[in-house]
Amino acid sequence: MPPAKKEARPSSRTGRVRTPAFVKNHRGVKNWKEVSAWLEWRGIEDIECITPDQAGIARGKMMPSKKFTSNTSLALPSAVFMTTISGGYPEDGNGFHYPEDDGDLKLMPDLATLSVVPWETDPTAQVICDLVHQDGRSVEFTPRNVLKRVLAAYDKRGLRPVVAPEIEFYLVRKNPDPDYPLTPPVGRSGRPIGGGAGYSIAGVNEFDELIDDIYHFSEAQGLEIDTLIHEEGAGQLEINLRHGDPVELADQVFLFKRTIREAALKHETYATFMAKPMQGQPGSAMHIHQSVINTRTGRNLFSNEDGSESEAFFHFIGGMQKHVPNALVMFAPYVNSYRRLTQAASAPVNNKWGYDNRTTAFRVPRSDPAGRRVENRIPSSDANPYLALAASLASGLIGLTRKLKPDAAITGTANEAEIDLPRGLLEAVDIFEADVDLREMLGEAFVATYAAIKRAEFETFMEVISPWEREFLLLNV
């Protein structure tokens, strides 16, 4: 229960009420005492208590701010985290069992994530929550807890991973009818946006007012954008985030997706993080840059004292090569995700690595020894950021602990040879369940739950007849 709120005291010099520095923070407070002052200073009326489900969708409850700071117990049904993207539920089997009582899970607000919701007309704040059982045990199968489980395994070994995500997305015209293909938006020039505008400043300027809102919304929430560029696709943009703690960065991606969608809707446009929203256009990725710090020395584990590459650097890559393909369903979670992963396209369909080689799955960017890192280029932008980071870091840690050796670095084009990854969702689920090391790292309950959800989603997809089938099968077979 949060303590009672105390009044601010007048300054002895001026007689004015001194405003505590923490109330001006855009993001996060330390304790419940600070929560009350932070909310009161902003005149906040409502609080959104949110948490990511398996798809990365914000689930939760909304309440008056006064109720939030009282002794209020928050809970969500466990079924929320067993739901498919279409709102259905998987069948029991393969280790998954739907709880008969559908009991409540407790929401535990992470006060470090408290921020405003800048697009709301009434003063509103939001806070990301963790899930625990009624007896206080962490819920093993919820995404934020899965990532924390992986980070705990690093911490146990005196290691701390650092990540920096890059998120691609498309702006498209509003399209309320799913039977019609998506089309590029109209920019300020009044003409539909075309492709081939990679890194074009003019391409970014087509959406000046929308991008301004993204920046303003982000600043109000304490979210820091490193860079923003126009990608190759028609109306495709990319936002890069500054490197940092994996949970904090996953939280930022989670909130950025909400922010970008809301900014787009304000301008009568959709923002989509589908992996392949438009035929003939590039797919959208969520590249993940990763390094590991030795917590005792503070040094980058991937570099020796003389600046050369360490054995740990190669072991991390070895773990990525062996286990990332098995965890593909966490990086490419939907049937649509595999439309992005096609041979000779910009997305990698291999498990190779190379120095500054964008055709490989695992790229080592040019950097000084302190900044040495590995970029995982496989994840799609439709991936849940908590789960994508958990799977990527888990794969690298397995390589570190088992001292796995990588193949030789690729110097040429890696994406025109055989495909090293599963070609579809069901195949990806099968090899995911079969990886014993991943099951141990991510947790049995999560693996069983996630696999059951993905199988159920595939069956739902198979009920839909596509335009391709009507075009080529209707009168020909």
Side-chain angles (χ1 to χ4, degrees), residues 146-166 242-250 287-328 330-331 348 350-358 360-379 386-411 414 420 435-442:
V146 172
L147 177 55
K148 287 187 173 185
R149 177 188 175 102
V150 173
L151 298 182
Y154 273 87
D155 185 65
K156 183 179 179 181
R157 294 164 175 82
L159 303 175
R160 175 172 59 85
V162 177
V163 301
E166 302 171 348
R242 290 183 61 83
H243 63 273
D245 173 78
V247 172
E248 291 180 10
L249 268 298
H287 299 152
I288 302 172
H289 293 252
Q290 307 153 103
S291 59
V292 180
I293 302 300
N294 182 314
T295 53
R296 181 179 60 82
T297 65
R299 294 179 59 88
N300 187 338
L301 191 71
F302 293 166
S303 298
N304 294 318
E305 290 189 12
D306 63 2
S308 61
E309 296 150 326
S310 67
E311 285 296 311
F313 168 75
F314 293 108
H315 293 153
F316 189 93
I317 294 174
M320 299 280 285
Q321 284 193 299
K322 181 173 181 180
H323 293 283
V324 162
N326 297 345
L328 184 63
M330 296 173 71
F331 304 118
N350 58 75
N351 70 338
K352 308 297 190 293
W353 74 280
Y355 296 97
D356 200 18
N357 188 337
R358 285 184 169 83
T360 61
F362 313 117
R363 169 179 170 254
V364 179
R366 299 181 187 276
S367 69
D368 59 24
R372 183 168 281 126
R373 60 194 185 275
V374 180
E375 177 191 12
N376 182 355
R377 296 179 59 81
I378 286 180
Y386 299 92
L387 299 184
L389 286 170
S392 196
L393 293 173
S395 298
L397 183 57
I398 294 169
L400 289 174
T401 57
R402 297 193 179 278
K403 301 187 184 304
L404 302 179
K405 294 183 178 180
D407 299 335
I410 295 292
T411 56
D420 300 321
D435 191 316
V436 176
D437 289 332
L438 278 176
R439 292 182 73 94
E440 181 179 353
M441 187 69 68
L442 301 172

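Phe316 meets the ring-ring contact (aromatic ring centres under 6.0 Å, His included) test with Phe302; sequence neighbours excluded. Contacts of Lys352 classified as side chain to side chain contact (heavy atoms under 4.5 Å, CB included), with partners at least two apart in sequence or in another chain: Asn350, Thr360, Ile410, Ala414, Glu418, Asp420.
By the 4.5 Å heavy-atom criterion applied to side chains, Arg377 and Arg358 are counted as neighbours. Looking only at side-chain heavy atoms (C-beta outward), Asn357 and Thr411 stay at 4.5 Å or farther from each other. Side chains of Val364 and Glu309 form no contact here, defined as non-hydrogen atoms less than 4.5 Å apart. With contacts defined as side-chain heavy-atom distances shorter than 4.5 Å, the pair Tyr154/Val292 qualifies. For the pair Pro369/Asn300, no side-chain contact is recorded, criterion being any heavy-atom separation below 4.5 Å from C-beta on. Put simply, the side chain of Leu400 does not reach to within 4.5 Å of the side chain of Arg157, judged on heavy atoms. Between Val324 and Asn351 the shortest side-chain heavy-atom distance does not fall below 4.5 Å.
Within 6.0 Å of atom CZ in Arg439, more than 12 heavy atoms from other residues, nucleotides or ligands are found, so the atom counts as buried in its surroundings.
Looking at Arg372, its side chain never comes within 3.5 Å of a backbone N or O of Ser367 through a donor-acceptor pair. Under the 3.5 Å distance criterion, the side-chain polar atoms of Arg373 are matched with a main-chain donor or acceptor of Gly371. A donor-acceptor pair under 3.5 Å is absent between the side-chain atoms of Glu375 and the main chain of Arg363, judged by distance alone. Counting only distance, with no hydrogens or angles, the side chain of Trp353 and the backbone of Gly318 share no donor-acceptor pair below 3.5 Å. Judged purely by atom type and a 3.5 angstrom limit, Ser310 has no side-chain atom pairing as donor or acceptor with the backbone of Asn304.
When every heavy atom of Ala394 is checked against every heavy atom of Leu442, the shortest pair comes out as CB-CD2, 4.2 Å. Leu249 and Arg242 make their closest contact through CD1-O, 3.3 Å (heavy atoms, listed as atom of the first residue, atom of the second, distance). Minimum interatomic distance between Tyr386 and Val247 (heavy atoms only, all atoms of both residues): CE2-O, 4.5 Å. Between Met441 and Ala153 the shortest heavy-atom distance is SD-CB, 3.8 Å. Scanning all heavy atoms of the two residues, the minimum distance from Leu159 to Leu397 falls at CD1-CD1, 4.5 Å.
In this structure, CD1 on Ile288 lies 7.5 Å from CG on Leu393, to the nearest 0.5 angstrom.
A side-chain hydrogen bond (donor to acceptor under 3.5 Å, both in side chains) check over residues 389-404, counting only residues at least two apart or in different chains, returns the pairs Gln290-Ser392, Asn376-Ser392, Arg402-Asp437.
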